[in-house]
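Residue numbers begin at 1 in each chain, while the letters A, B, ... track the order of the sequences. Since we're looking at a predicted model, the values are computed, not measured.
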Amino acid sequence: MELEQTLAKYFGYATFRPGQKEVIEAILSGKDVIALLPTGMGKSLCYQLPAYLLQKPVLIVSPLLSLMQDQVEQLKRFGEKRVVALNSFLTVEEKRYALHFLEQYRFIFTSPEMLLQQQVQEKLANMTLSLIVVDEAHCISQWGFDFRPDYLRIGDWFSQGNRPPVLALSATATEKVVKDIHATLSLHAPFEFMYNVDRPNIHLGRVLFEDRGDKAKWIVEHVKKTAGPGILYLSSRKRAEQYCELFMQAGLRAAAYHAGYSAEDRQFIQQQFIDGELDWIVATNAFGMGINKGDIRQVIHETMPANVANYMQEIGRAGRDGKPALAILLYSDGDEELAKFVVTGDLPSSSHVDRYQELALQRIAPSQMLKNGELSETAFRVLDYWLHQEPEERVKARLHHFALEKYQAVDEMLKIIKTKDCLREQLVGYFGQKLQKKPENCCENCGIHYDEINTVRMKEEKKVEMMAWESRLKQLLISD
DNA sequence: CGTCAGATCGGTATCGATCTGACGGTGCAATACT
């Protein structure tokens with residue numbers, strides 16, 4: 001049967017979207033694949049269709065619990081019952097049940113941490129999978145080395161024994177990120193599909209400030225005269241809350257979002273934003289992954305992101321509906337210092353390495369350091385991981401190298417911010433691609449007619465408002 | 001490394017200058033508490 005027929009039979013589509021067919025064909029022929037497809041371009045179909053053809057369970061490694069839940073719900077709505085999210089939401093009994101019948105499921109979603117648990121490993125060793133999917137695979141590079149080391153450990157698991165083909169999926173990945181994915185997962189001559197990273201409908205603005213303090217005034221004035229929905233990114237939780245306060249005082253429907261809130265609160269805020277009940281999310285970089293909202297019109301960065309990959313990921317949340325959207329990056333001299341501190345501040349130091357070894361020699365559990373509050377939980381886990389991988393001196397060198405790499409990544413972002421050339425060309429070039437064509441309102445350096453964009457938006461907004469008003473009247477009339 | 005809020009200081013007003021210390025992102029799983 002032709003793939004198109006299978007597509008029609010199971011999903012009801014007549015044709016594939018760009019990249020899907022190539023990726024699926026490579027998987028079916030047993031190849032590893034790295035596929036970079038923009039969100040909303042049918043990434044999940046790339047593993048869902050093979051799951052129906054290959055008749056063995058597909059394992060999907062996912063970075064966030066909320067992401068797993070969304071995908072499970074989506075599949076269930078679609079009528080698929082043989083789907084499970086193996087994670088800490090399950091009770092002990094539910095987990096035991098799920099593990100016992102694991103081979104019965106068609107789709108198994110799980111986290112790297114859960115995947116590496118002994119009971120899960122033992123179960124998987126005794127069953128055959130048709131495909132392993134690493135969703136949001138850039139997390140390997142972004143988080144594996146100094147935040148969630150289990151993202152590196154899944155690589156060890158991949159390299160032992162027979163395994164099915166691996167599909168690594170992501171929306172955007174720089175050349176370095178692709179290299180990290182390839183190496184960490186020990187992929188064998190993977191088929192690489194890279195969709196064009198340029199998003200021509202996103203206008204790339206950049207505003208320079210002499211004085212950092214002028215940003216708040218500028219942002220509030222800007223958002224008052226332009227339309228949302230939008231995301232304002234900040235580099236600390238506290239600032240996110242302060243700006244949210246400013247937005248609300250200005251009469252905007254806004255909410256703050258960062259990792260300090262409970263999962264329930266975050267879920268609630270996210271849902272309100274998706275449903276159009278909020279115009280602005282004022283957030284740290286905790287916000288965004290897995291957000292499926294087509295009509296985000298603006299993404300503003302109050303301070304620079306720590307690297308180009310993050311920037312691309314964050315602005316990429318705007319304008320998924322293809323209509324014009326605006327990304328504005330604010331910069332004042334010295335902003336890079338905070339960015340550099342934040343991304344390296346939590347790395348373990350050489351003295352932490354020494355202390356760890358000293359405790360180990362005295363046969364004291366090194367976790368004592370944690371109890372004494374000598375370092376953070378994250379830093380301890382990272383330290384513990386690397387000291388089990390390689391000798392002390394190598395670990396020290398590596399930690400030093402991480403910091404240098406992170407500084408360098410900030411400087412690369414800074415270079416793009418400060419360029420006098422086309423921002424779009426620079427960005428796309430950073431991803432190893434060449435810009436095909438410059439769109440209208442390309443970027444700050446090519447020229448953006450802010451007024452034109454804003455006027456169009458204000459008109460659109462008025463129209464929407466009127467419709468809302470009319471429909472509300474209608475509702476009132478009907479209910480009376 | 002830089003910012004910012006609150007404390008302290010100076011010299012004797014009712015506040016401005018200076019000092020000090022706290023703070024600064026991302027998530028999983030599982031446990032110990034209310």
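Applying the 3.5 Å distance criterion, the base of dG27(B) shares a donor-acceptor pair with the side chain of Arg381(A). For dG27(B), its base never sits under 3.5 Å from the side chain of Ser111(A) at any donor and acceptor pair.
Taking atom CZ of residue Phe89(A) and atom C1' of nucleotide dG27(B), one finds them 11 Å apart after rounding to whole Å. Taking atom CG of residue Leu67(A) and atom P of nucleotide dT26(B), one finds them 17 Å apart after rounding to whole Å. Straight-line distance from the OH atom of Tyr151(A) to the C1' atom of dG27(B): 10 Å, rounded to whole Å. When the C1' atom of dC23(B) is taken as reference, atom NE2 of His258(A) falls 14 Å away, rounded to whole Å. Rounded to a whole Å, the OH atom of Tyr233(A) is 12 Å from the C1' atom of dT26(B). For the pair Asp211(A) CG and dG2(B) P, the interatomic distance rounds to 15 Å; values are reported in whole Å. Distance, Glu302(A) CD to dG25(B) P: 13 Å, rounded to whole Å. Rounded to whole Å, atom P of dG25(B) lies 10 Å from atom CD of Glu241(A).
Nucleotide dT14(B) forms no Watson-Crick or G-U wobble pair with any nucleotide shown, as no partner meets the under 3.5 Å limit on both distances. In this structure dT31(B) sits in no base pair that meets the Watson-Crick or G-U test at under 3.5 Å. Judged by Watson-Crick or G-U wobble contacts below 3.5 Å, the nucleotide dC1(B) has dG24(B) as its partner.
Residue whose closest nucleotide on DNA chain B sits further toward the 5' end, between Gly334(A) and Gly345(A): Gly334(A). Positionally, the nearest nucleotide of DNA chain B for Val343(A) lies more toward the 5' end than for the other of Ser66(A) and Val343(A).
Phe209(A) CZ: more than 12 foreign heavy atoms inside a 6.0 Å radius.
Within the nucleic acid shown, Ser235(A) comes within 4.0 Å of sugar-phosphate atoms alone, with no base atom in reach, counting heavy atoms only. At the heavy-atom level, Pro63(A) lies under 4.0 Å from the strands shown only through sugar-phosphate atoms. Within the nucleic acid shown, Asn87(A) comes within 4.0 Å of sugar-phosphate atoms alone, with no base atom in reach, counting heavy atoms only.
Going from atom CD of Glu392(A) over to atom CD of Gln357(A) covers 4.5 Å, rounded to the nearest 0.5 Å. Note that CG of Leu131(A) is 8.0 Å distant from CD1 of Ile60(A), once rounded to the nearest 0.5 Å. In this structure, the separation between CG on Asp335(A) and CD1 on Ile417(A) is 8.0 Å, given to the nearest 0.5 Å.
Remark: Gln117(A) is not in phosphate contact with dC28(B), judged by side-chain N or O atoms under 4.0 Å from OP1 or OP2. At dC23(B), none of the side-chain N or O atoms of Ser236(A) fall inside 4.0 Å of OP1 or OP2 (strictly under the cut-off). For Lys95(A) and dA30(B), the shortest distance from a side-chain N or O to OP1 or OP2 is below 4.0 Å. Phosphate contact (OP1/OP2 of dT3(B), side-chain N/O of Arg212(A), threshold under 4.0 Å): present.
Nearest nucleotide to the Trp143(A) side chain, out of dC1(B), dT26(B), dG25(B): dT26(B). Nearest nucleotide to the Val342(A) side chain, out of dC4(B), dG25(B), dG27(B): dG25(B). For Glu337(A), the side-chain atoms get nearest to dC1(B) when compared with the rest of dC28(B), dC1(B), dA30(B). The nucleotide whose nearest atom lies closest to any side-chain atom of Arg239(A) is, among dA29(B), dC4(B), dG27(B), dC4(B).
Just one of Tyr257(A), Phe273(A), Phe247(A), Phe287(A) meets the ring-ring contact (aromatic ring centres under 6.0 Å, His included) condition when paired with Trp280(A); it is Phe247(A).
Gln69(A) and Asn87(A) share a donor-acceptor pair across their side chains, judged by distance under 3.5 Å alone.
Taking the centre of each ring, Phe101(A) and Tyr105(A) stay at or above the 6.0 Å mark.
With both ends at atom C1', the span from dT12(B) to dG16(B) equals 14 Å, rounded to whole Å. Across dC28(B) and dT8(B), the matching C1' atoms stand 45 Å from one another, rounded to whole Å.
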